[in-house]
Amino acid sequence: MAEGWSMARQTEAMHPGKQSMKNLFAMSTRMLWRDWRGGELRILAIALVIAVTSVTSVGFFIDRVQQGMDQQASELIAADLVVSSASPVAGDRSDRAEALGLEIAETTSFRSVIIAGDQPKLVEAKAVSEHYPLRGALSISDALFGEEYQVETVPAPGEAWAEPKLFQELGLSPGDRVTLGEVTLTLTHILTYEPDRGGDFFSVAPRLLFNIGNLDATGLVQTGSLIRYHLLLGGEPARIRDYADWLDRNPREGERLLTVEGGRPELRNALERARSFLGLAALVSVLLAGVAVATAARRFSQRHLDTSAIMRCMGATQNSISLLFLLEMLWLALLASTLGVLLGYFAQIVIAQIMDQLLITALPQPSLKPLLLGYVTGIILLIGFAMPPLLALKRVPPLRVLRKDIAGTGASSWLFTLGVLVSMGVLLYWQTQDPELVVYMLSGIVLTLLLLAVCARLLIASLNSIRGSVGVAWRFGLANIARRPSGSVMQIVAFGLGIMVLLLLSTVRNDLLDDWQRWACPAEAAVERLDLPDDLVFPILLRADLPLPALPVVGGRAAEELLVGGGRAVLVNGGDGRVVGRPDPDLPELRSLDHVFPPLAAAVRGARRLDRHRDGLTIAHDLELDHVVRARAAAPLPATAPPRAQRGRGRRAPAGDSGSECSRSCRRRRAHERNRWSC
Amino acid sequence: MTDNGSENFVQAIGLGKRVVTGEGELVLLDGINFSIAAGTSVAILGASGSGKTTLLGLLAGLDVPTSGSILIDGTELGTLDEDGRALLRAGLVGFVFQSFQLLNGLTALENVMMPLELAGEPQARKVASALLERVGLGKRLNHYPNQLSGGEQQRCAIARAFAARPKLLFADEPTGNLDQKTGRRIIELLFEINREQGTTLIMATHDEQLASHCDRRLLVDGGRLVDGQAD
């Protein structure tokens with residue numbers, strides 16, 4: 001007799017009835033290996049890996065983009081927080097900031113005309129204090145197209161830096177002098193980068209940056225001047241929050257707070273929509289994987305009826321059996337999720353490389369947050385879709401070892417449905433943060449399930465009537481289906497749901513891409529919607545979040561110019577540089593506008609002054625508010641459409657060709673603006 | 001076997017089992033009374049459908065009687081719920097089935113290890129290997145059930161049944177699926193290990209010759225015990 005057998009004889013105490021957690025943990029890992037080896041878990045694992053991969057690849061990519069935006073967000077406002085006001089920022093604002101130990105800088109922006117020699121030129125003037133910018137850095141060069149470098153200083157008093165466009169258009173060189181109001185400034189450098197320039201969206205003219213010490217001397221700061229004052233603040237996040245809270249408690253009329261989170265809202269909107277769309281598409285694949293998981297789990301459960309019965313015979317309690325299978329599935333979920341997360345990580349690298357050609361140059365490394373999303377998705381998916389049939393295993397009667405016909409009660413249909421709905425609800429909400437959408441989607445799933453279940457029941461019921469008229473093989477097969485109607489219904493519903501999700505995925509795929517593109521490139525979408533002729537393009541960009549009464553309009557052959565004015569409408573077309581006073585109702589461009597968008601034409605006709613500039617701009621000043629409101633209400637774009645195409649230099653796409661043109665224009669723009677967030 | 005506990009290791013008192021069918025109530029067992037002393041071997045004899053497997057299932061706590069009571073090692077099964085009966089079986093009861101009931105996804109070794117693993121035996125692999133060696137399957141440890149012959153499968157099942165050193169072994173037609181020669185060898189092995197471990201053996205069979213190996217016979221006919229009622 002072998003040594004082990006003797007030892008077995010000496011092992012008197014087998015701890016009867018004792019199934020400790022430690023024991024169940026160890027046993028569940030062995031069961032996982034044995035079931036895997038037996039091929040019982042492969043479909044479950046593959047479905048989980050696909051689901052986790054799809055969710056984490058999107059998660060990782062969006063996380064990288066968001067991180068990149070957060071990193072640059074401070075730079076986009078050149079500070080951690082900005083107090084913006086149409087009147088000088090009250091002294092108590094800076095006093096409080098100093099008391100909290102925050103860094104401070106000031107800027108004052110306005111639009112004016114400089115004179116260089118005898119040439120006038122509209123500029124975006126900005127007076128800056130020492131320490132500007134608090135976040136990011138200015139870049140300048142010593143000559144046009146010269147090597148740019150970063151500086152930590154601002155123009156000295158009496159000096160100014162200007163954008164290349166100003167130098168080019170007026171034929172200026174560093175060292176030349178320009179007159180701004182009553183002060184003469186020497187242009188010492190070419191300004192190549194300014195962190196809070198805001199993507200030129202609100203830029204009509206080139207930037208002229210000068211020292212705030214010269215501001216009063218210009219004589220341009222007068223009552224009624226359209227000037228924006230900014231108090232820039234930087235410091236530790238907690239102190240910035242304290243300061244923001246203090247401002248909330250002590251508001252002043254006309255004051256606005258610019259935060260890092262609010263930086264580039266149009267980009268955040270587009271990204272958020274992209275994230276939602278991609279996330280939902282990933283969730284559709286999760287739902288599809290869920291159907292596969294549910295089907296595989298049901299098969300797994302059927303094949304483990306004997307295992308459960310024998311284990312019950314050997315003394316395993318119902319809870320032990322549930323726990324054993326739960327743990328086995330948990331290990332499977334963790335392993336499959338780990339693989340899915342790894343694949344998701346590599347997939348997002350590929351996505352980032354593809355997107356890099358279209359959007360952004362360098363993305364930061366992803367955080368670990370999507371890991372959690374991946375693991376939670378894997379576990380929730382398995383619990384929601386696989387546990388109901390697996391939990392039914394504990395109800396397998398031990399008498400099955402003597403009588404094979406006893407199978408116990410299968411998984412409850414209600415429990416299965418509940419599992420699916422709850423798990424999908426949790427994942428949907430996590431992905432979209434939109435309770436309304438969750439309700440819609442779950443309602444759709446429930447309706448589909450009900451419809452499929454009713455159809456399946458009717459089909460199964462109708463089988464009995466044809467059993468007598470078919471061959472033996474058919475009769476046998478039909479009898480099998482009819483013998484266990486609940487199981488058959490569940491299988492039909494699972495397959496039906498899977499097919500529905502596949503169809504849904506293929507149907508909405510194009511819609512999702514089109515919608516995303518529309519949001520990303522709204523101007524082209526507008527052109528398409530208005531169905532304008534090629535030579536008369538008026539993408540009308542009205543946004544609820546622009547300060548009233550901003551009314552940017554792009555039109556005609558000068559659509560290549562941009563055209564936004566804070567607090568005014570800008571109509572772009574040919575101009576001869578004359579100031580024409582009140583608008584002539586018979587201006588050709590207004591007649592064209594009558595044709596395309598009468599409310600806007602009315603708004604422009606109601607302007608107090610119309611300036612026609614030699615550089616091709618025609619600006620309508622001081623529109624009447626009610627005209628603007630009416631024009632905005634009648635605008636053909638959604639109120640939240642993020643504007644984008646105002647900076648395009650080429651002619652707009654003809655109607656019906658928006659998609660391809662958008663991609664090309666995005667790429668062109670990106671080439672001009674490396675390292676900036678655009679498109 | 002002098003104390004009362006050993007004398008009445010297994011007791012059936014007024015045991016009955018009825019089931020309701022579409023055609024009315026069906027009596028499977030009625031008025032069964034007997035007691036079995038520890039360490040003895042008992043054959044429950046009867047023709048097919050006589051109720052012997054039903055009786056075996058009741059005695060093992062796999063099913064519940066509709067009347068009467070069963071005591072095993074002094075514990076009345078009727079006082080226990082499903083999990084309570086499972087816990088009683090753990091370490092106390094072993095089974096050998098006519099259809100072997102080996103799990104196809106597990107190797108011979110893993111099948112024998114299962115009751116040991118459930119009992120938390122730290123050296124399950126070593127003990128199971130020794131048992132398989134003992135039943136002559138030392139070289140078939142890693143074979144799956146479908147790679148073993150019927151006799152080998154039943155040997156494996158016997159090793160599994162004795163793995164947790166049960167005090168009570170239930171065998172349901174253990175040679176029912178085997179040819180005569182193989183069946184004889186299996187029975188010899190079963191009784192040999194049974195003697196080694198001093199297990200109480202209750203075996204349901206219709207085979208008179210097989211029953212003759214047992215210390216005692218209980219004859220069931222039409223759900224009633226017709227011979228061996230009082231011990």
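To find a chain, count down the sequence lines: A is the first, B the second, and so on, and within it residues start at 1.
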Do you know the tightest heavy-atom contact between B:Leu106 and A:Arg34?
CD2-CD, 3.4 Å
Does atom CD1 of A:Ile43 have more than 12 heavy-atom neighbours, drawn from other residues, nucleotides or ligands, at distances under 6.0 Å?
no
Heavy-atom cut-off 4.5 Å, strictly under: side chain, backbone, both or neither for A:Met311 against chain B?
both
Measuring only between side-chain heavy atoms, which start at C-beta, is B:Glu82 closer than 4.5 Å to A:Arg312?
yes
Answer whether the closest heavy-atom distance between the side chains of B:Phe95 and A:Val401 falls below 4.5 Å.
no
Heavy-atom contact with chain A under 4.5 Å, split by part of B:Tyr144
side chain
Check B:Asp83 against A:Asn319 and note the closest heavy-atom contact, atom names and distance.
OD2-N, 4.4 Å
Rounding to 0.5 Å, atoms CE (B:Met114) and CE (A:Met27) come to a distance of 4.5 Å
What part of B:Ser129 is in contact with chain A, defined as an atom under 4.5 angstrom from a non-hydrogen atom: side chain, backbone, both or neither?
neither
Indicate yes or no: at least one non-hydrogen side-chain atom of B:Gln101 is less than 4.5 angstrom from one of A:Cys313.
no
Could you tell me whether the side chain of A:Ile310 reaches within less than 4.5 Å of the side chain of B:Arg160, counting heavy atoms only?
yes
How long is the span from the CD atom in B:Glu110 to the CZ atom in A:Arg30, to the nearest 0.5 Å?
9.5 Å
Counting only non-hydrogen atoms closer than 4.5 Å, does A:Arg37 touch chain B with its backbone (N, CA, C, O), its side chain (CB onward), both, or neither?
side chain
What pair of heavy atoms forms the shortest contact from A:Ala316 to B:Ala86, and how long is it?
O-CB, 3.6 Å
Where A:Pro398 and B:Leu62 come nearest, the two heavy atoms and their spacing
CB-CD2, 3.7 Å
Inter-residue atom distance B:Leu56.CG - A:Leu402.CG, 0.5 Å rounding
6.0 Å
Distance col, row A:Leu324:CG vs B:Leu118:CG, nearest 0.5 angstrom, shows 7.5 Å
